[in-house]
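Inspection log for the structure reproduced underneath, given as structure tokens.
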Amino acid sequence: SQQGEEDPQALSIQEGENATMNCSYKTSINNLQWYRQNSGRGLVHLILIRSNEREKHSGRLRVTLDTSKKSSSLLITASRAADTASYFCATGLIQGAQKLVFGQGTRLTINP
Amino acid sequence: DAGVIQSPRHEVTEMGQEVTLRCKPISGHNSLFWYRQTMMRGLELLIYFNNNVPIDDSGMPEDRFSAKMPNASFSTLKIQPSEPRDSAVYFCASSWAHGYEQYFGPGTRLTVT
């Protein structure tokens, strides 16, 4: 079974709107990371939030983590066409903590 | 600084042939990861190394797959013999240490006919 599951699987919004993606996981984690993948490219790290943190910001990105609910959300504010990509959450598990377990991703489309 | 380098970028081969994928991690990183990405199964971790030592190869699908890291700047993933179901994009990633972000290479798109 998947450790991290993103919701929704696909999201289409207008440029300028905010985009919110959610991630749920099953087991205890050391940290949770969000990555972006443009079509045909490798994944790019966006932000890392540790299990003792609740919220983190980076530019137009805001990530929250609720360890009691085993969930995280990624908010992209004032979306741009260039934000069109797939977004993945990845959990760093406490045991075997060096490896990350990736979800299936959310495909985000920003319409101009 | 150069990122993670993978070669070849594209590989087309016939079933039964040996395939070798190569990766050069970012200098100074001590962990290296091999992933496979398909539409059906998403992104799967195949194996990872720490300080050139394989730590977890539980994701390697079968004995046809093998990976080596002879030194800190080079790793290979070999498939012998290859099968059509091995067709996928294979990514290599490296990271500084436990709990840090991973840096991905551009991937090798493998097609086995």
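Keep in mind the model is a prediction, meaning the values are calculated, not measured.
Other residues, nucleotides and ligands contribute only 12 or fewer heavy atoms inside 6.0 Å of the CD atom of Q9(A). Heavy-atom contacts from other residues, nucleotides or ligands closer than 6.0 Å to CZ of F65(B) number more than 12. Within a 6.0 Å radius of CD in E14(B), other residues, nucleotides and ligands contribute 12 heavy atoms or fewer.
With hydrophobic clusters built from ILVMFWY side chains whose heavy atoms lie under 4.5 angstrom apart, I5(B) does not share a cluster with L32(B). Connection of Y90(B) to M15(B) is established within a shared hydrophobic cluster, with ILVMFWY side chains joined at heavy-atom distances below 4.5 Å, either directly or through further cluster members.
Only the side chain of Y35(B) has a heavy atom closer than 4.5 Å to any heavy atom of chain A. No part of T108(B) comes within reach of chain A, as not one of its non-hydrogen atoms sits under 4.5 angstrom from that chain. Looking at Q6(B), there are no atoms closer than 4.5 Å to chain A (heavy atoms on both sides), in backbone or side chain.
Residues F102(A) and Q37(B) form no side-chain contact, since every pair of their non-hydrogen atoms from C-beta on lies 4.5 Å or further apart.
Taking CG from L100(A) and CD from E101(B), the interatomic distance works out to 10.0 Å, rounded to the nearest 0.5 Å.
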Go through the steps for Q33(A) and Q102(B) under the test side chain to side chain donor-acceptor pair (under 3.5 Å), then give the verdict.
CA-CA 9 Å; Q33(A) 305 181 28; Q102(B) 295 184 12; over 6 Å; no

